[in-house]
Amino acid sequence: MIKKCLFPAAGYGTRFLPATKAIPKEMLPVLTKPLLQYGVEEALSAGCEVMAIVTGRGKRAIEDHFDISYELEHQIKGTSKEHYLSEIRSIIERCTFTYVRQREMKGLGHAVLIGESLIGREESFAVILADDLCDNEEGKTVLYQMAEVHKRYPDKCVVAIEEVPLEETNKYGVIAGKEIEENVIAVEDMVEKPDPKDAPSNYAIIGRYILVPEIFDVLERTKPGKGGEVQITDALLELAKQGKVLAYKFKGRRFDCGSVDGFVEATSYFYKR
Ligand code: G1P
């Protein structure tokens, strides 16, 4: 069972300026719920109890969101508005939130390594990038589906993938490998944000990972790659070469809420639902 989920949340969210000048991008709401809360709910659905959040300067709103607001509770207690808080209250009761600050932005791989102090090296753990918002109408979330795969292969990492148009491979980590069972691929190659002409396939990694603790050893020696940043994709490639990485074609929908277009699409999708 995966018990801990890491949420890298230190990024600046420059694509959403000026909205993200004083508000963390993870707190931007799709309808009435911040992106990060969708991620936390997904982690809970997969059995996680510890939410380990890698934050940065200017991100205090995240900590306040996942805590009791006595003043607010006092104001609305016994009124018709009380139900607005019931969902977040139940989340706060069901899990523990831990935080560490990433002082410098040196890439996703670096953020995961910073998270080691919250995760430890005893067990496999999940990683959710909250700006990839996922939904599954059949009730099984993407991370839940991935945890099921990991149960069958407990010594392997699992990354979620989906097919993207070839011209978009430069926005994602891209994998290639052999299908070993329906929707599960043993990864043989992976490249961070390749040009379409160099992409090994059009299977893009989306922001859901289950990682084995060995990833921390690898990250410690991973040199900066694409964009001068430490890439989780490069660290995973080392494990993939040892046959330790699976890619899973998830069932469901994913919205790139790191872009304005994806955010609008997600908002209208969830509104209609
Ligand atoms: C990160 C990863 C990339 C992955 C993507 C999924 O990139 O580096 O491999 O495909 O998340 O959203 P970012 O979107 O942070 O640039």
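FYI, side chains are in, hydrogens and waters are out, and symmetry mates aren't considered; it's all heavy atoms of this structure. Counting convention: from 1, in listed order, for ligands and their atoms alike. The residues of the chain are indexed from 1 along the displayed sequence.
- Not a single heavy atom of Lys226 sits under 4.0 Å from any atom of ligand 1.
- In terms of polar-atom proximity, defined here as any N/O pair under 3.5 Å, Arg254 makes no such contact with ligand 1.
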**OP:** Decide ring-ring contact (aromatic ring centres under 6.0 Å, His included) for Phe255 and Tyr269; before the verdict, give the C-alpha distance in whole Å, the side-chain angles of both, and the deciding distance to 0.1 Å.
**Re:** CA-CA 10 Å; Phe255 299 91; Tyr269 171 87; 4.9 Å; yes
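- Side-chain atoms of Tyr153 and Glu181 include a donor-acceptor pair closer than 3.5 Å.
- Residue Thr233 has at least one heavy-atom neighbour below 4.0 Å for each of these atoms of ligand 1: 9 (O).
- Atom 12 (O) of ligand 1 has Asp132 OD2, 2.7 Å as its closest protein atom, hydrogens excluded (heavy atom only).
- Closest to atom 2 (C) of ligand 1 among all protein heavy atoms lies Glu192 OE2, 3.6 Å.
- The atoms of ligand 1 that sit less than 4.0 Å from any heavy atom of Gln231 are 8 (O).
- Shown are Phe216, Phe7, Tyr209; of these, the ring-ring contact (aromatic ring centres under 6.0 Å, His included) with Phe125 is made only by Phe216.
- Gly207 counts as a contact of ligand 1, since one of its heavy atoms falls under 4.0 Å from the ligand.
- With a 6.0 Å cutoff to the six-membered ring centre and a 45° limit on the axis angle, Lys33 counts as a cation-pi contact of Tyr38.
- Judged purely by distance below 3.5 Å, without hydrogens or angles, the side chains of Gln37 and His65 pair a donor atom with an acceptor atom.
- Scanning the protein for heavy atoms near atom 7 (O) of ligand 1, the closest one is Lys193 NZ, 3.3 Å.
- For ligand 1, none of its N or O atoms has an N or O atom of Leu108 under 3.5 Å away.
- When the heavy atoms of Gly11, Gly107, Ala160, Gly173 are ranked by distance to atom 3 (C) of ligand 1, first place goes to Gly173.
- Distance check for atom 10 (O) of ligand 1: a protein heavy atom is found below 4.0 Å.
- If you look at Leu129 next to ligand 1, the close heavy atoms, those under 4.0 Å, all belong to the side chain.
- The nearest heavy-atom contact from the protein to atom 5 (C) of ligand 1 is Ile205 O, 4.0 Å.
- Counting heavy atoms from C-beta outward, Lys81 and Gln75 have side chains that stay 4.5 Å or more apart.
- Between Leu6 and Val112 the shortest side-chain heavy-atom distance falls below 4.5 Å.
- No hydrogens or angles considered: nothing links the side chains of Tyr99 and Lys59 as a donor-acceptor pair under 3.5 Å.
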